[in-house]
Amino acid sequence: GQQGVGLQMVNWHMCNLELFYVGFGGEETRYWVVDARGNFTTYTREGDVWRLRAKGAQLVAEIVVGSARTQIVEIRPCMQEKQLDSFRAALRHDVFAPTQADLLKCDPWRHLSSTEPSPGLHVGCVYPLHQQSADRTGATYGFAFFGDGWTQGTQQAERPQPSHAVAIPSSGTQSPVSSLAQRVMDRMQRTERGPRHNAPAFYSPAGVRLETAEQLLSSRCLLLFEGGIWVWPAVEVGHSRQVLGLHGLTERAVNLTTLSLFPRVLLASDFLTEQEARLIIDRADGHMFKSGVSLKAKDQGKASSEYRTSSQWSFPLYDEGILSLDLRVQQLTRIPMQHAEQIQVLRYHEYEHYTAHHDFFDPGEYQGRDREGGYANNRLATVFFYLNEPAKGGATGFPRAGKLEQPRDFLDCSRGLSVPPQRLAVLLFYSMLPNGEFDQTSLHAGCDVIEGTKWAANFWFWNQMQSRGSNKMAGALSAELPRMPLDIKNV
């Protein structure tokens with residue numbers, strides 16, 4: 001809009017909201033995405049009409065701009081009739097909270113954040129029900145959980161109580177695992193997901209997907225991901241863990257440190273071996289070609305070099321020389337190799353860069369992309385290899401880290417989070433929230449190399465399988481994941 005009325009929208013939902021400008025005749029033009037529990041300010045005119053829609057195009061709010069020079073509109077969750085029915089049904093499954101002794105056996109607090117929620121990640125404990133709850137619900141166990149993985153400002157050391165507790169179903173037409181997931185979703189007033197989306201999934205703290213009632217009950221502590229795929233609990237900026245027993249690194253631990261919550265960025269030090277880094281560089285050198293980009297609809301006709309000046313080469317994902325690395329990446333991310341793309345090796349000479357961009361493909365910004373399919377099947381996580389360290393420059397920049405506003409200069413690496421290359425380390429960051437929605441704050445850039453040459457590589461994972469029965473190697477590696485749990489120690 002033009003300079004005039006300052007309109008600030010505050011989104012209290014745990015999901016992103018798409019902002020549309022309504023023109024003459026009611027035609028909607030997509031303008032922006034307001035982050036989950038974020039805010040956005042634009043300048044508009046009196047009488048203008050704006051609409052906010054959830055991912056399924058459901059209308060959440062319509063705003064008619066008034067005459068005041070500054071207007072603040074808070075968009076708070078409001079249940080639709082179908083959600084209200086599900087919520088009322090969910091209340092019947094509420095049970096008494098666990099004892100402190102039950103919670104101590106489970107220790108959910110080590111996975112929680114006191115400062116920011118993780119939309120779509122619910123952390124909780126399995127515990128035996130008191131007789132009164134058991135008699136009323138016909139269940140034997142309950143699940144007490146912290147909705148969206150946070151303590152709402154209470155420090156973990158104070159051991160706050162879970163926000164909700166529901167009975168774990170012991171019978172019914174659905175499996176106990178899917179029934180419990182549905183009860184949690186209903187209790188959290190979450191909208192039903194379409195059939196093309198992943199179903200919510202439970203994991204143990206060691207990153208093992210839980211498929212049966214026996215696995216649920218034996219795990220004690222459960223992590224439920226609405227998006228159906230493991231995403232590392234970020235906890236707090238600076239939080240560090242030691243990950244032990246990674247494939248091919250049995251004699252050393254990898255430190256996994258949280259660098260940012262929004263976007264979710266973690267650094268795994270000493271993840272690569274010297275031999276792996278050397279092999280990738282040697283194989284790629286001599287095959288590199290100028291990098292291209294997938295242009296958004298509004299950028300059609302522009303040259304790729306306006307955004308990206310690096311060179312690249314696709315390294316075969318199942319090359320015999322890196323199979324051990326494939327298994328290690330899979331083990332760390334907890335995402336099967338069937339979800340991976342080919343590895344993209346990158347080389348940046350002096351003053352080469354890649355301006356700020358997202359790794360996901362927003363169907364609202366690319367021509368010919370199926371809207372619902374684009375949300376259900378997209379890039380989830382990036383594992384970024386630092387194969388060497390240039391003498392100066394070459395950082396990975398996240399200009400919206402900490403929920404900063406959109407940058408005006410997409411090559412400005414002075415704002416947000418800047419991660420300098422650290423040889424043999426990998427940067428793990430997520431393009432999606434745990435609820436399966438895009439994380440708009442995951443905007444990132446390859447900053448200018450000032451001196452020397454930077455070698456790196458992208459290892460992308462999608463939230464849906466990319467290689468199916470036709471790729472036997474992908475299937476064989478993926479089958480190893482359940483037998484590769486994580487051994488984690490908080491530092």
Examine the side chains of [X] and [Y] and answer whether a donor and an acceptor come within less than 3.5 Å of each other.
X	Y	value
Thr441	Asp439	yes
Gln330	Asp326	no
Thr258	Glu236	no
Ser204	Arg209	no

Practice item. Evaluate side-chain hydrogen bond (donor to acceptor under 3.5 Å, both in side chains) for Gln466 paired with Asn377, printing each intermediate quantity in order. Key: CA-CA 9 Å; Gln466 302 302 298; Asn377 182 14; 3.2 Å; yes

**Study point:** Ring geometry between Tyr203 and Phe225 (parallel below 30°, tilted from 30 to 60°, perpendicular above 60°)
**Key:**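 Perpendicular, since the angle between the ring planes exceeds 60°.
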
Point to revise | Tyr127/Tyr141 aromatic ring centres below 6.0 Å | key: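 Not under 6.0 Å, so no.
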
**Study point:** Sub-6.0 Å ring centroid separation between His339 and Phe461
**Key:**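 Centroid distance His339-Phe461: not below 6.0 Å, so no.
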
Exercise for review: Evaluate the criterion side chain to side chain contact (heavy atoms under 4.5 Å, CB included) for residue pair Phe143 and His164; output intermediate values, then yes/no.
Suggested key: CA-CA 8 Å; Phe143 177 56; His164 308 283; over 6 Å; no

**Study point:** Criterion side-chain hydrogen bond (donor to acceptor under 3.5 Å, both in side chains) on Trp462 and Asn378, from CA distance to verdict
**Key:** CA-CA 5 Å; Trp462 291 57; Asn378 220 302; over 6 Å; no

**Study point:** Over all atoms of both residues, closest heavy-atom pair of Pro390 and Lys454
**Key:**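 Minimum heavy-atom contact is CG-CB, 4.0 Å.
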
Check your understanding: With a 4.0 Å cut-off, would you call Asp94 and Arg183 a salt bridge?
Key ->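 No, Asp94 and Arg183 are not salt-bridged.
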
Check your understanding: When you check the gap from the basic side-chain N to the acidic O, do Arg37 and Glu116 get nearer than 4.0 Å?
Key ->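 No salt bridge links Arg37 with Glu116.
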
Donor-acceptor contact present, side-chain [X] to main-chain [Y], <3.5 Å:
X	Y	result
Gln155	Ser114	no
His122	Gly147	no
Thr333	Val329	yes
Ser219	Leu216	no

Atom pairs and distances, donor-acceptor, side-chain atoms in residues 422-435, under 3.5 Å, two or more places apart:
unit_1 : atom_1 : unit_2 : atom_2 : d
Arg423 : NH1    : Glu274 : OE1    : 2.9
Arg423 : NH1    : Glu274 : OE2    : 3.1
Arg423 : NH2    : Glu274 : OE1    : 2.8
Tyr430 : OH     : Trp232 : N      : 3.2
Asn435 : OD1    : Glu437 : N      : 2.9
Asn435 : ND2    : Met14  : O      : 3.1

Exercise for review: Could you walk me through whether Glu405 and Arg400 pass the salt bridge (Lys or Arg N to Asp or Glu O under 4.0 Å) test, one step at a time?
Suggested key: CA-CA 6 Å; Glu405 291 186 358; Arg400 291 205 59 205; over 6 Å; no

Exercise for review: Tell me, yes or no, whether the heavy-atom count around Arg220 atom CZ, taken from other residues, nucleotides or ligands under 6.0 Å, exceeds 12.
Suggested key: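 No - once you tally the heavy atoms of other residues, nucleotides and ligands closer than 6.0 Å, there are 12 at most.
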
Review point. Salt bridge (Lys or Arg N to Asp or Glu O under 4.0 Å) between Arg415 and Asp412: does it pass, once the steps are laid out?
Key: CA-CA 7 Å; Arg415 53 175 280 159; Asp412 180 3; 5.4 Å; no

